[in-house]
Amino acid sequence: MRTGGEFLFGPSNGVLMSYDRLNIALVGAAGLVAAPAHLNAIPTIDRFNLVALCDVNADAVQALASERGVGKAYSSYEELLADPGIDAVDLVTPPFMHAEMAIAAARAGKHVYVEKPMARSLGEARAMVRAASEAGVRLMVGESYVFHGPHLVARNLIEGDAIGEVVQVRQTRGPWLFNEAENERLGGRGHHIAWRYDPALSGGGDFPWMMDHGPHFFATARLFNGMSAIERVNALPHPHGEGREAHLRGITSVTWMYEGGEVDGLWMQAETAPEAGRYVGFRTEIVGARGTILVFGEGGGSAPGYPQVAPVTLYADGTEKTFDPGEGDDRSWSSNNSYYDRAHGNALRNFACTVLDGMPPRYAPEDGVADLTATLATIKSAIDGRPVALADVPEDWTAYQAD
Ligand SMILES: NC(=O)c1ccc[n+]([C@@H]2O[C@H](COP(=O)([O-])OP(=O)(O)OC[C@H]3O[C@@H](n4cnc5c(N)ncnc54)[C@H](O)[C@@H]3O)[C@@H](O)[C@H]2O)c1
């Protein structure tokens with residue numbers, strides 16, 4: 001139930017929230033990867049009522065609504081948008097639908113939470129921001145890496161001057177690659193979904209995996225350097241290889257400069273073999289003038305069957321200190337580094353607070369645009385075979401219709 005309250009957020013066109021809780025609908029609810037995380041997280045957040053599920057798969061969404069005790073099941077998004085009992089939509093649909101769905105929701109007066117990648121072009125992304133602003137609704141991109149507990153611990157250490165000025169941010173990622181055993185364990189969840197390797201549906205052209213994951217890398221890169229803008233990127237394209245995992249391998253290293261040119265960063269894809277025991281999954285080293293932080297992200301830590309490593313380790317002053325935000329284990333990965341469902345839940349809670357309490361979002365729509373720009377620049381760099389400045393990504397440029 002919603003309860004009455006003061007008007008806390010008052011945009012110009014009269015779409016006002018006056019409630020303690022937001023009535024939210026999950027769209028793409030029968031999906032395999034993001035949807036389960038959102039379905040698990042939303043009921044744990046006391047600022048939401050999960051009032052409806054929507055998916056084009058009518059049977060699946062009906063069954064899911066019964067199973068989860070959600071009152072309404074829609075197979076038509078248009079009908080859902082006409083429902084006055086819904087305040088906000090949570091879009092966990094594939095990227096090619098994000099812009100159209102977000103803009104339609106905003107025009108229907110619904111607040112919008114949309115999974116990354118925000119859109120497939122800067123034009124689409126900026127149209128989303130404009131539509132939300134014109135309708136006076138909140139728009140937030142679900143960039144869960146920015147809300148991941150260990151990442152936040154590392155960011156707080158950096159902000160508390162634990163390592164001095166940041167000099168370089170180095171990322172390595174992750175067990176989805178070159179690792180059929182891990183793919184088998186996850187039941188092919190993720191990679192083998194058709195839109196994920198389709199040039200236009202993913203938005204990534206010949207580099208769909210980078211389109212899907214690039215926003216995470218750049219959001220993380222900025223998180224660990226005071227959210228500074230990235231100025232230019234250089235990608236190393238890689239022969240695609242053979243087999244069903246080929247689409248994952250288009251770009252295997254990326255380097256970037258932050259604005260101002262004094263700090264740089266890099267991302268490398270090659271995975272530590274599970275037999276190595278440790279240091280699998282997403283991890284970042286933040287090298288500062290006086291120390292280094294090692295932090296594990298999604299699926300990061302030890303390989304299945306090996307003792308877990310600490311989510312965060314600070315190396316400074318000749319000592320080694322470990323930190324654990326205490327968010328528990330992960331549901332998808334064999335890791336003590338909770339990502340599914342906690343990072344998603346943390347992000348969704350922030351969204352609820354931005355709508356209900358008028359709080360500034362921790363990850364603003366402009367952040368979504370910035371990380372999409374860096375991702376598109378990365379793909380453009382791989383295509384053009386040279387470094388690309390983010391300022392040189394045209395508004396209407398897409399990776400799947402690239403010259
Ligand atoms: N933040 C993260 O860590 C994270 C993790 C996984 C996925 N994602 C993002 O979430 C999004 C979804 O990814 P996924 O792997 O869960 O996708 P998925 O293919 O498993 O699920 C998408 C769902 O959307 C449904 N759908 C398609 N068209 C629809 C329509 N018109 N109306 C209603 N439902 C419709 C499909 O039937 C499907 O059930 C992508 O943008 C992806 O990048 C983010």
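Side chains included, hydrogens not; waters and symmetry mates left out as well; all remaining heavy atoms used. We count residues from 1, following the sequence as given.
- A donor-acceptor pair under 3.5 Å is absent between the side-chain atoms of Tyr363 and the main chain of Gly142, judged by distance alone.
- The closest side-chain donor-acceptor pair between Tyr74 and Asp83 falls under 3.5 angstrom.
- In this structure, Arg386 and Asn234 have side chains that are not in contact, with every pair of non-hydrogen atoms separated by 4.5 Å or more.
- Side-chain contact between Ile383 and Lys380 is absent, with no heavy-atom pair separated by less than 4.5 Å.
- With sequence neighbours excluded, no residue satisfies salt bridge (Lys or Arg N to Asp or Glu O under 4.0 Å) with Asp198.
- Judged by distance alone, with hydrogens and angles left aside, the side-chain atoms of Lys110 form a donor-acceptor pair with the main-chain N or O of Ile86 at under 3.5 Å.
- Asn350 contributes no side-chain N or O that, together with a main-chain N or O of Pro361, makes up a donor-acceptor pair within less than 3.5 Å.
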Steps toward side-chain contact (heavy atoms from CB on, under 4.5 Å) verdict (Ile163, Leu314): CA-CA 8 Å; Ile163 58 169; Leu314 166 67; 3.5 Å; yes
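- Here the side chains of Ile293 and Thr313 are not in contact, with every heavy-atom distance at 4.5 Å or above.
- Between the side chain of Asp87 and the backbone N or O of Asn23 there is at least one donor-acceptor pair closer than 3.5 Å.
- Residue Ser121 comes nearest to Leu376 through the heavy atom pair CA-CD1, 4.0 Å, listed as atom of the first residue, atom of the second, then distance.
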Derivation of the side-chain contact (heavy atoms from CB on, under 4.5 Å) call for Val369 and Arg126: CA-CA 7 Å; Val369 178; Arg126 292 194 178 119; 4.2 Å; yes
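- Side-chain contact between Arg290 and Asp161 is present, with heavy atoms from C-beta onward closer than 4.5 Å.
- Looking at Asp55, its side chain does come within 3.5 Å of a backbone N or O of Ala30 through a donor-acceptor pair.
- Looking at Asp317, its side chain never comes within 3.5 Å of a backbone N or O of Thr319 through a donor-acceptor pair.
- Asp59 meets the salt bridge (Lys or Arg N to Asp or Glu O under 4.0 Å) test with no other residue; sequence neighbours excluded.
- Looking only at side-chain heavy atoms (C-beta outward), Arg47 and Asp357 come within less than 4.5 Å of each other.
- With His216 as the partner, the side-chain hydrogen bond (donor to acceptor under 3.5 Å, both in side chains) test is satisfied by one option alone out of Glu143, His148, Glu298: Glu143.
- Remark: Asp324 engages no residue in a salt bridge (Lys or Arg N to Asp or Glu O under 4.0 Å) (not counting sequence neighbours).
- Side-chain contact check for Ser302 versus Gln308: some heavy-atom pair is nearer than 4.5 Å.
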Check against salt bridge (charged side-chain N to carboxylate O under 4.0 Å, His left out), Arg232 and Asp392: CA-CA 9 Å; Arg232 73 178 51 237; Asp392 292 341; 6.0 Å; no
Let me check something: any side-chain donor-acceptor pairs from residues 38-45 under 3.5 Å, sequence neighbours excluded? List them with distances.
| from | atom 1 | to | atom 2 | distance (Å) |
| --- | --- | --- | --- | --- |
| His38 | ND1 | Asp90 | OD1 | 3.2 |
| His38 | ND1 | Asp90 | OD2 | 2.6 |
| His38 | NE2 | Glu115 | OE2 | 2.8 |
| His38 | NE2 | His344 | ND1 | 3.1 |
| Asn40 | OD1 | Arg68 | NH1 | 3.0 |
| Asn40 | OD1 | Arg68 | NH2 | 3.4 |
| Asn40 | ND2 | Pro36 | O | 3.3 |
| Asn40 | ND2 | Asp341 | OD2 | 3.2 |
| Thr44 | OG1 | Ala41 | O | 2.5 |

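- Of the possible donor and acceptor atoms, none in the side chain of His111 sits under 3.5 Å from a partner among the backbone N and O of Val89.
- Put simply, the side chain of Arg222 does not reach to within 4.5 Å of the side chain of Phe224, judged on heavy atoms.
- Side-chain contact check for Asn49 and Arg21: at least one donor-acceptor pair (N or O, by modelled atom type) lies under 3.5 Å.
- A donor atom on one side chain and an acceptor atom on the other are found under 3.5 Å apart for Ser144 and Tyr339.
- Aromatic pair Trp209/Tyr197: centroids not less than 6.0 angstrom apart.
- A donor atom on one side chain and an acceptor atom on the other are not found under 3.5 Å apart for Gln171 and Arg173.
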Run the side-chain donor-acceptor check on residues 150-159: report pairs under 3.5 Å with partners two or more places apart or on a different chain.
| from | atom 1 | to | atom 2 | distance (Å) |
| --- | --- | --- | --- | --- |
| His151 | ND1 | Tyr145 | O | 2.8 |
| Asn156 | ND2 | Leu152 | O | 3.4 |

Working for side-chain contact (heavy atoms from CB on, under 4.5 Å), residues Met118 and His98: CA-CA 7 Å; Met118 180 177 186; His98 289 176; 5.9 Å; no
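- Shortest non-hydrogen contact noted between Tyr400 and Pro199 is CB-O, 3.4 Å.
- Panel note: side chain Arg138, backbone Thr354; a donor-acceptor pair is recorded below 3.5 Å.
- A heavy-atom distance below 4.5 Å is not found between the side chains of Gln269 and Ser253.
- Panel note: side chain Arg120, backbone Ala200; a donor-acceptor pair is recorded below 3.5 Å.
- The heavy-atom pair separating Ile251 from Ala235 by the smallest distance is CG2-CB, 3.9 Å.
- The heavy-atom pair separating Ser381 from Val233 by the smallest distance is OG-O, 4.0 Å.
- Side-chain contact of Asn346 with Glu327: a donor-acceptor pair under 3.5 Å is present, judged by distance alone.
- Side chain of Lys116 to main chain of Asp212: a donor-acceptor pair is present (N/O by atom type, distance under 3.5 Å, no hydrogens or angles).
- Of all the heavy atoms in Ala316 and Ala162, the pair that sits closest is CB-O, 3.8 Å.
- In this view, Glu67 satisfies the salt bridge (Lys or Arg N to Asp or Glu O under 4.0 Å) rule with no residue, not counting sequence neighbours.
- Electrostatic pairing of Asp367 and Arg362 does not count as a salt bridge here, judged by no charged N lying under 4.0 Å from a carboxylate O.
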